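As the structure is a computational prediction, the values presented were derived from the model and not from experiment.
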2 protein chains.
Amino acid sequence: MLLTDLETPALLLDEAVLRANIARMQARMAALGVALRPHVKTAKCIEVARLSDGGNCGPITVSTLREADQFAAAGWRDISYAVGITANKFDHVRRLLAQGVQLGVIVDSVDGARALADAFGPDTLAGAARSAGRLRVHIEIDTDGQRAGLAPDAAALLDVAATLQAGGVAPAGVLTHCGGAYHCHGDPALRAMAEQERAGAVHAAERLRRAGHAAPVVSVGSTPTALFAQALPGVTEVRAGVYVFMDLVMAALGVCTPQDIAVSVLTAVVGRRTDRGWTLVDAGWMALSRDRGGADEFLDQGLGLVCDAAGRVLDDYIVVAANQEHGIVAHRSGDPARALDLPVGSLLRILPNHACATAAQHEAYQVLGAGGAVSARWPRFGGW
Amino acid sequence: MLLTDLETPALLLDEAVLRANIARMQARMAALGVALRPHVKTAKCIEVARLSDGGNCGPITVSTLREADQFAAAGWRDISYAVGITANKFDHVRRLLAQGVQLGVIVDSVDGARALADAFGPDTLAGAARSAGRLRVHIEIDTDGQRAGLAPDAAALLDVAATLQAGGVAPAGVLTHCGGAYHCHGDPALRAMAEQERAGAVHAAERLRRAGHAAPVVSVGSTPTALFAQALPGVTEVRAGVYVFMDLVMAALGVCTPQDIAVSVLTAVVGRRTDRGWTLVDAGWMALSRDRGGADEFLDQGLGLVCDAAGRVLDDYIVVAANQEHGIVAHRSGDPARALDLPVGSLLRILPNHACATAAQHEAYQVLGAGGAVSARWPRFGGW
């Protein structure tokens, strides 16, 4: 099947670029001597995850328990859920444990720890699953001040660990995500952020160990810190997600180039406004997402950077505005004389600001194989 | 089932508010004496559409041909697709016509008109369906300079009509959407925009008629213009979508109040950062969308306005930032002393900036009936 056989909009995935991105991360992890626990939230696709870990159904990270369900059903057994757990998800956790999943969860408060211990401690109905080692509770550490977690030096870290331990749930270690890396440009800044993430997590784990907890797991990661870390002593695993696809944010940070972006949205020209310099396309925010990527900090790429149907970047043509099913493509300068002026039905591709967000708007990937032909359709899932 | 039985995040739909919103629009259309063709792109839900047209499977508007498929399968037969049609969707159009759907499509260029006439004129394979009156081709009119369409006075309007007619496809009339209304605040501005939309569409239709085309259809609409139009002489139908749910953008325009918003995202507190004034919740951009609503023009509501679990607005608490599955709730002032400080697991609801965008992030509505109990689960669909 050819691109011209697809209805638009459609999400394209270049398999060769995907494989190269995966190989790059695997090589980096091998060089650092650290295990990779891919974050499958970016692709939410069994086929992509199989490529990410060589078909081994190895350790993965998820952002929803729905992802855990889907990957468990496809054979994965070592899954960490990297969003703070709440009691209204405990029944779902129990179902996953009952299926034999080794599930990791995270907590960063004494009340959260107490709820977990009450539900999964040895005296509870679920105690058997927990004591069989199937539930891992990590304490979330904040290494960048961006989101959740306890500071590596926080007194509460030991309170949370003690609360877990007192409830019969030994803390499995620490987990951190240094999203601050998404605001760093260039090698020195990214290296420094990777070291900040590593050092904070290792310090927190050492505090737990000095307090008598085994805390074997030190889990860190993001695509930028994973690729730019110079050494990871004390770290036991790295989590990263968007590296499989890359996107314009990663390009803005200097993590990749636009040519390394594996996903794009195929769209057709539906009209022209030559007086305005506009080309109207059938990819609106429903197909692209509203993610503005690095617009506030780096280059404003509108809602995406425009390529021709073969995937060659048309320099400085971006999606300047969008409605639900309409995108407006124009030259970055706004100069009407530089309108693309293509016939209705012409195909273009849009590179995403944020691959996780754009891919989430679609039900499947149209996989591009050799020669740019559509070789497969890989479904993806959503929901919670 | 109670709210506390749901896993979070979840999309809630208050049925009483939904019914009141539908009744308001129906009453307004009855007063104006114009037919309503609801735009089902907001809800993408059979149950909501049934309420919108009293169970009659009456005329509807869609933003994707997937919506047309879904509604055709559920019994609807009069469907207008309000995005410029391209040749790569013609096979899909043929399938819908073959099912007996009376399908409306739109075009605003001579090349687009020629492609349509070549594919659906009387000499083509699909001619039988067209000549049976099942394909309606509307010419899109631009009444606000925001997007697609031909100006009501454009010379090209008659060229497009002539191209269709020469190909054996009589233009069915005109269609316009005055999205400029989403940038107007208050009654006088909204009334003026409604009249601008009406007058432009009627003028274009009159030009077509003077040139010898029957052009029976004059289709206009948006929620604000539909509700604020004072009279609609010459208009044959009104399209509107978001009125079923309403949202913070509509509230910002003065079209509704926050109490009229029928959808909200139920979320649980996953953590606190009291030093920052943050309450972390499990509704990130995946559950809320990245739509910033009227942030640039009206009040910045972050990624949504926060309510307690019962749906009462907590004045000035908004989602100030979000990652994929994390939202950060804070007081609008940013004052850490005004943090909500709720225990982990507490429930909140988030009102959406843009209901179409937020609902699109979910697979189903959890319908709230009398007493706030969850009375049903109504699925919604996506894709193209």
Which bit of A/I106 is near chain B, if near means a heavy-atom gap under 4.5 Å: side chain, backbone, both or neither? neither
Could you look at B/V107 and say if it's the side chain, the backbone, both or neither that has a heavy atom under 4.5 Å from chain A? neither
Given that the side chain runs from C-beta out, which part of B/R292 has a heavy atom under 4.5 Å from chain A: side chain, backbone, both or neither? neither
Roughly how far, to the nearest 0.5 Å, is the NZ atom of A/K41 from the CD atom of B/Q324? 3.5 Å
Check ion pair A/D111-B/R272 (N to O, under 4.0 angstrom): yes
What part of A/L347 gets within 4.5 angstrom of chain B, counting heavy atoms only: side chain, backbone, both, or neither? side chain
For B/V270 and A/G84, which heavy atoms make the closest approach, and how far apart are they? CG1-O, 3.3 Å
Report yes or no: does B/R147 contribute a side-chain atom to a donor-acceptor pair with the main-chain N or O of A/G327 at less than 3.5 Å? no
Check against side chain to side chain contact (heavy atoms under 4.5 Å, CB included), B/D142 and A/R273: CA-CA 11 Å; B/D142 174 24; A/R273 289 292 301 262; 2.5 Å; yes
Separation between CH2 of A/W384 and CD of B/E325, rounded to the nearest 0.5 Å: 6.0 Å
Can you say whether A/D291 sits under 4.5 Å from chain B via the side chain, the backbone, both, or neither, judging by heavy atoms? both
Of A/P343, A/G271, A/C356, the largest count of non-hydrogen pairs under 4.5 angstrom with chain B goes to A/C356
Select, from A/A360, A/A321, A/A357, the one with the greatest count of heavy-atom pairs under 4.5 Å involving chain B. A/A357
Of the listed B/S289, B/P9, B/G179, the one with the largest count of heavy-atom pairs under 4.5 Å with chain A is B/P9
Per-residue contact mode, B/A364 against chain A (heavy atom under 4.5 angstrom): neither
Check whether A/R114 gets within reach of chain B through its side chain, its backbone, both or neither, counting any heavy atom under 4.5 Å. neither
Of all heavy-atom pairs between A/E363 and B/G382, which one has the smallest distance, and what is that distance? OE2-O, 3.4 Å
Over all atoms of both residues, closest heavy-atom pair of A/W285 and B/H354: CZ2-CE1, 3.7 Å
The single option from A/T8, A/D282, A/T4 that satisfies side-chain hydrogen bond (donor to acceptor under 3.5 Å, both in side chains) with B/N88 is A/T8
If I measure from the heavy atoms of chain B, does A/A10 come under 4.5 Å with its side chain, its backbone, both, or neither? neither
Using non-hydrogen atoms only, which part of A/A87 is less than 4.5 Å away from chain B: side chain, backbone, both, or neither? neither
Toward chain B, the part of A/Q361 with a non-hydrogen atom under 4.5 Å: both
For the pair A/T86 and B/E7, evaluate side chain to side chain contact (heavy atoms under 4.5 Å, CB included) and give the outcome as yes or no after the intermediate values. CA-CA 9 Å; A/T86 52; B/E7 271 188 66; over 6 Å; no
Given heavy-atom pairs under 4.5 angstrom as the criterion, report whether the side chain, backbone, both or neither of B/L65 touches chain A. side chain
Highest number of heavy-atom pairs under 4.5 Å with chain B among A/A115, A/G284, A/G145, A/G149 belongs to A/G145
Report which part of A/S346 has an atom under 4.5 Å of a heavy atom belonging to chain B: side chain, backbone, both, or neither. neither
Hey, could you give me the OG/CG distance between B/S63 and A/N323, rounded to the nearest 0.5 Å? 11.0 Å
Taking side chain as everything from C-beta outward and backbone as N, CA, C, O, which of these in B/A82 sits under 4.5 Å from a heavy atom of chain A? Side chain, backbone, both or neither. backbone
Answer key: most heavy-atom pairs under 4.5 Å with chain B among A/D108, A/L150, A/I328, A/L280 is A/L280
Option in B/H326, B/K89, B/H362, B/R276 with maximal non-hydrogen atom pairs under 4.5 Å from chain A: B/H326
